[in-house]
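Below: the structure, in structure tokens.
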Amino acid sequence: GTGRWTDIGTANPFTSGGSSGGSGGGGGGGGPCPAPWMEVDMDDGFTKPAGELQVGDMVYTHHAGTGTRGGWPVKAVALEENERWDYWVEDEDEPYTFSHNHLVSMEQGWSQVKDLQPGDLILGSTPKRVVKAQYRDRGSVVRISVDRAFTYQIGGMLSSNAKPVE
């Protein structure tokens with residue numbers, strides 16, 4: 001996508017470890033991203049809307065390589081347009097809204113939001129079970145890069161900021 005970049009460093013923080021492959025089809029490009037109003041879990045125990053994150057903010061997450069829990073700094077944020085999907089979890093009324101290819105942590109590995117099924121368990125510090133997932137619209141999402149951890153949490157559920165190969 002062509003988003004506005006706030007970046008510290010010269011490398012593209014959204015492509016860690018080689019090529020992300022071709023542009024893929026169907027979804028409308030871009031990396032995995034939450035809607036601007038989605039509340040990101042912060043290291044201080046509070047939450048912050050994804051659209052208000054700034055470089056240097058400390059998010060609470062699990063390190064992608066080591067699984068270590070703790071605070072990791074936001075390296076870059078960019079606003080872009082993408083296909084958005086909603087998913088609902090048990091015991092919550094409001095949906096979580098993300099780009100179609102947003103990656104969430106599951107027992108069998110990472111899954112894109114568009115592939116979630118009722119009964120799926122999304123892992124994190126507060127695992128939650130999916131009730132349903134469906135297409136929402138095309139609109140703004142916030143691309144987030146977390147330095148070294150490559151993950152962040154929303155609602156206690158673990159997300160990856162790596163762009164999937166489609």
Side-chain angles (χ1 to χ4, degrees), residues 1 3 14 24 26-54 57-74 76-146 149-166:
F14 301 111
C33 315
W37 61 85
M38 290 284 87
E39 296 281 336
V40 177
D41 299 345
M42 305 303 289
D43 191 41
D44 62 7
F46 293 95
T47 62
K48 188 174 194 176
E52 296 178 16
L53 285 176
Q54 297 177 13
D57 282 350
M58 297 294 286
V59 299
Y60 180 79
T61 192
H62 302 215
H63 188 283
T66 66
T68 305
R69 294 181 187 194
W72 298 90
V74 172
V77 292
L79 189 64
E80 62 182 45
E81 296 289 307
N82 207 328
E83 180 180 302
R84 299 189 298 197
W85 279 61
D86 287 336
Y87 70 86
W88 288 260
V89 297
E90 289 179 347
D91 302 321
E92 293 187 28
D93 295 328
E94 295 299 315
Y96 291 86
T97 305
F98 294 93
S99 60
H100 70 288
N101 59 350
H102 184 81
L103 296 171
V104 292
S105 181
M106 315 253 309
E107 293 171 301
Q108 65 272 28
W110 294 98
S111 178
Q112 293 184 18
V113 167
K114 67 183 173 77
D115 296 328
L116 291 175
Q117 299 294 317
D120 284 348
L121 183 66
I122 300 175
L123 304 178
S125 62
T126 311
K128 297 180 182 177
R129 196 157 302 280
V130 173
V131 175
K132 72 175 180 176
Q134 68 186 32
Y135 173 81
R136 178 188 181 105
D137 61 11
R138 185 166 181 84
S140 295
V141 292
V142 182
R143 196 191 276 200
I144 302 167
S145 177
V146 178
F150 306 110
T151 62
Y152 55 92
Q153 288 195 155
I154 290 182
M157 295 174 286
L158 191 61
S159 296
S160 173
N161 66 217
K163 183 175 179 179
V165 175
E166 295 189 37

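All heavy atoms count here, side chains included; hydrogens, waters and symmetry mates do not.
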Are Gln117 and Val130 side-chain neighbours, meaning at least one heavy-atom pair lies under 4.5 Å? no
Check the orientation of Tyr60 and His62. Use parallel for under 30°, tilted for 30 to 60°, and perpendicular for over 60°. perpendicular
Under 4.0 Å between a Lys/Arg side-chain N and an Asp/Glu carboxylate O for Lys114 and Glu83? no
So Phe98 and Tyr87, would you call those rings parallel, tilted or perpendicular, with 30° and 60° as cut-offs? parallel
So does Glu92 get a backbone contact from the side chain of Lys128, meaning a donor-acceptor N/O pair under 3.5 Å? no
Is the shortest side-chain heavy-atom distance between Asn82 and His100 below 4.5 Å? yes
So do the side chains of Val77 and Arg143 get within less than 4.5 Å of each other, counting heavy atoms only? no
Is it true that, when you exclude Asp91 itself, more than 12 heavy atoms of the residues, nucleotides or ligands shown sit nearer than 6.0 Å to its CG? no
I'd like to know if the side chain of Gln153 and the backbone of Ser125 have a donor-acceptor N/O pair within less than 3.5 Å. yes
Would you say that Pro49 contacts Trp37 through its side chain, given a criterion of any heavy-atom pair below 4.5 Å between the two side chains? no
Considering all heavy atoms, the nearest Trp110-Thr151 contact: CH2-CG2, 4.1 Å
Minimum heavy-atom distance between Pro36 and Arg84, given as atom pair plus value: CD-NH1, 4.4 Å
Ser99 vs Val113 side-chain heavy atoms within contact, under 4.5 Å: no
Does a sphere of radius 6.0 Å around CD in Glu94 hold more than 12 heavy atoms from other residues, nucleotides or ligands, not counting ones at 6.0 Å or beyond? no
Distance-minimising heavy-atom pair for Pro34 and Tyr152: CD-OH, 3.1 Å
Is any side-chain heavy atom of Leu158 less than 4.5 Å from a side-chain heavy atom of Thr61? yes
Nearest-0.5 Å distance, CG of residue Leu103 to OG of residue Ser111: 8.0 Å
Please assess Asp120 against Arg129 for the test side chain to side chain contact (heavy atoms under 4.5 Å, CB included), listing each intermediate value before the final yes or no. CA-CA 6 Å; Asp120 284 348; Arg129 196 157 302 280; over 6 Å; no
Minimum heavy-atom distance Glu52-Asp57, with the two atoms named: O-OD2, 4.2 Å
All heavy atoms of Val142 vs all of Ala50, minimum pair found to be CG1-O, 3.5 Å
In short, Leu53 meets Lys48 closest at the heavy-atom pair CD2-CD, 4.0 Å
Distance in Å, Tyr135 OH paired with Asp86 CG, rounded so as to fall on 0.5 Å steps: 10.5 Å
Gap separating the CH2 atom of Trp85 from the NE2 atom of His102, nearest 0.5 angstrom: 14.5 Å
Applying side chain to side chain contact (heavy atoms under 4.5 Å, CB included), run through Gln134 and Trp88 and close with a yes or a no. CA-CA 9 Å; Gln134 68 186 32; Trp88 288 260; 3.7 Å; yes
Check each of Thr126, Val104, Val89, Leu123 against Met157 using the side chain to side chain contact (heavy atoms under 4.5 Å, CB included) test, and report the only one that passes. Val89
